[in-house]
**Student:** 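The structure follows.
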Amino acid sequence: MMKIGIYGGTFDPPHLGHMEAACAAMGHLNLDHLLLIPSQIPPHKFLPRETADGSARMEMAALMADGIGPRAEVSPLEFLRSGPSYTVDTVRALREQYPDGDFYLLMGTDMFLSFTEWKDAANIAKEVTLAPFSREESGSHELFALQREKLSGELGARVEIIPLPKIYPISSTKIRHLLGNKDTVEEGGSHLWAAVYGYVLIHGLYGVEVDLKNLSNAQLRAVVCSMLKAKRIPHVQGTEETAVSLARHWGVDVQKARRAAILHDCTKHWSLEEHLALCERYQIPLTELERGSGKLLHAKTAAVLAEHRFGEDPEVCAAIECHTTGKPNMTTLDKVLYMADYVEPTRSFPGVEELRRLSWDNLDQALCVGIETTIGELSEKNAPIHENTQMTLAQLKGT
Ligand code: DGI
Ligand code: FE
Ligand code: FE
């Protein structure tokens with residue numbers, strides 16, 4: 001039987017405390033599936049400026065789910081209903097979706113201790129195992145044990161307590177306040193999963209006031225995380241680290257190399273339509289080959305965003321633009337980004353070690369081998385070679 005965790009909440013915003021609790025539940029209960037279910041917020045509950053609308057909370061929860069792992073996902077069940085939902089309705093709807101599901105209803109201490117007051121508590125208890133989080137340091141063990149006795153006696157409830165190693169020291173309310181104050185934006189962000197923080201920054205939620213054209217490195221990283229799938233992040237981090245080391249080694253502006261690396265793949269998961277729409281909007285001339293290839297276009301669209309959305313230096317944008325194909329007369333910064341992308345620590349292919357060494361010994365030769373390798377792989381698949389790829393190689397060979 002499939003074990004399914006149900007984790008409801010306002011998630012306004014979802015933060016690292018939720019994430020730790022979700023991961024603890026996944027591990028302790030050995031769940032096959034975890035559903036994060038953002039609830040409707042009654043309009044009177046918060047000041048309008050302070051609260052994020054439902055679709056933003058859904059998207060933030062989805063970004064956090066991506067960070068928790070492939071078994072976690074967001075369910076729009078409560079969000080799609082017109083008013084606030086009762087848990088019993090949600091559980092009924094989930095039972096229809098998963099007739100054989102073995103459900104675990106995750107909940108905080110207060111919810112657990114007041115469970116008998118919930119609407120149709122007995123019916124909920126028939127459908128799910130109650131899975132309250134118990135903070136180990138809170139000393140509420142006796143209270144939990146008593147409540148478990150009571151609920152199993154009165155309602156026949158099954159209870160599985162999920163131990164949490166520590167109390168996460170902050171609430172969503174406090175985080176909203178930190179984000180809303182110019183001096184404590186970063187502190188607020190430090191309590192959020194990076195992609196969620198990036199989403200908050202881009203959309204200016206909770207009264208955040210940042211200039212997207214003047215983001216700190218940490219903020220830019222967060223924004224990029226919000227644009228990518230979690231599994232791509234280690235590659236971007238690896239590219240940043242490697243680009244920074246190579247920049248120092250080859251005497252290039254380290255900060256420029258860093259910014260270029262952080263942004264280089266930021267549009268990597270866009271659809272072809274999204275790439276084409278942005279190029280259209282900024283009148284970027286495209287070749288026939290580029291028009292049909294998201295793989296080639298991601299370098300161009302990332303460069304456009306770097307320039308127009310994030311206000312990066314022209315050299316940074318230029319390096320991003322040629323990071324996939326190279327181009328004639330590449331600057332050292334261009335080469336550093338190209339090679340960092342090629343040999344960063346998560347890359348593995350035959351010859352990567354050799355190419356890493358070469359990137360430190362002879363940058364042009366490394367570039368030459370890199371481009372030859374790419375051309376070799378493309379030729380095997382009968383894929384067309386971009387003119388810039390060909391010209392870069394020709395130029396390197398000629399010198
Ligand atoms: O974005 P990454 O995966 O980190 O790396 P990248 O930007 O170097 O992109 C690599 C992809 O781009 C790879 O699938 C091959 C493709 N590519 C690189 N040069 C050419 C190319 N595809 C074509 N058709 N022609 C090229 O010259
Ligand atoms: Fe790329
Ligand atoms: Fe890359």
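Atoms considered below: every heavy atom in the structure, side chains included; atoms not considered: hydrogens, waters and symmetry mates. Counting starts at 1 for both ligands and their atoms, in listed order.
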**Student:** Would you mind checking if K335 and D364 are paired as a salt bridge, meaning a charged N to carboxylate O distance below 4.0 Å?
**Tutor:** yes
**Student:** I'd like to know whether E187 forms a side chain to side chain donor-acceptor pair (under 3.5 Å) with S190, so could you lay out the CA-CA distance, the side-chain angles of the two residues, the decisive distance to 0.1 Å, and finally the verdict.
**Tutor:** CA-CA 5 Å; E187 189 191 342; S190 72; over 6 Å; no
**Student:** To the nearest 0.5 angstrom, please state how far the CG atom of L143 sits from the CG atom of L113.
**Tutor:** 5.0 Å
**Student:** Under 3.5 Å, is there a donor on one side chain and an acceptor on the other for T346 and E344?
**Tutor:** yes
**Student:** Any idea how F11 and Y7 line up, ring-wise: parallel (<30°), tilted (30 to 60°), or perpendicular (>60°)?
**Tutor:** perpendicular
**Student:** Are any of the side-chain nitrogens in R259 or D313 under 4.0 Å away from the carboxylate oxygens of its partner?
**Tutor:** no
**Student:** Between CG of D32 and CZ of R71, what distance do you get to the nearest 0.5 Å?
**Tutor:** 7.0 Å
**Student:** Give the protein residues with at least one non-hydrogen atom closer than 4.0 Å to an atom of ligand 1, ordered by chain and number.
**Tutor:** R232, H235, D265, K268, K295, L296, H298, H323, T324, D341, R347, T374, L378, P384, I385, H386, T389
**Student:** So does R357 pair up with E354, basic N to acidic O under 4.0 Å?
**Tutor:** yes
**Student:** Which residue is it: H323, H275, H264? I am looking for the one with a ring-ring contact (aromatic ring centres under 6.0 Å, His included) to H298.
**Tutor:** H323
**Student:** Below 2.8 Å, which protein N, O or S atoms neighbour the Fe ion (ligand 3), ignoring water?
**Tutor:** H235 NE2, H264 NE2, D265 OD2, D341 OD1
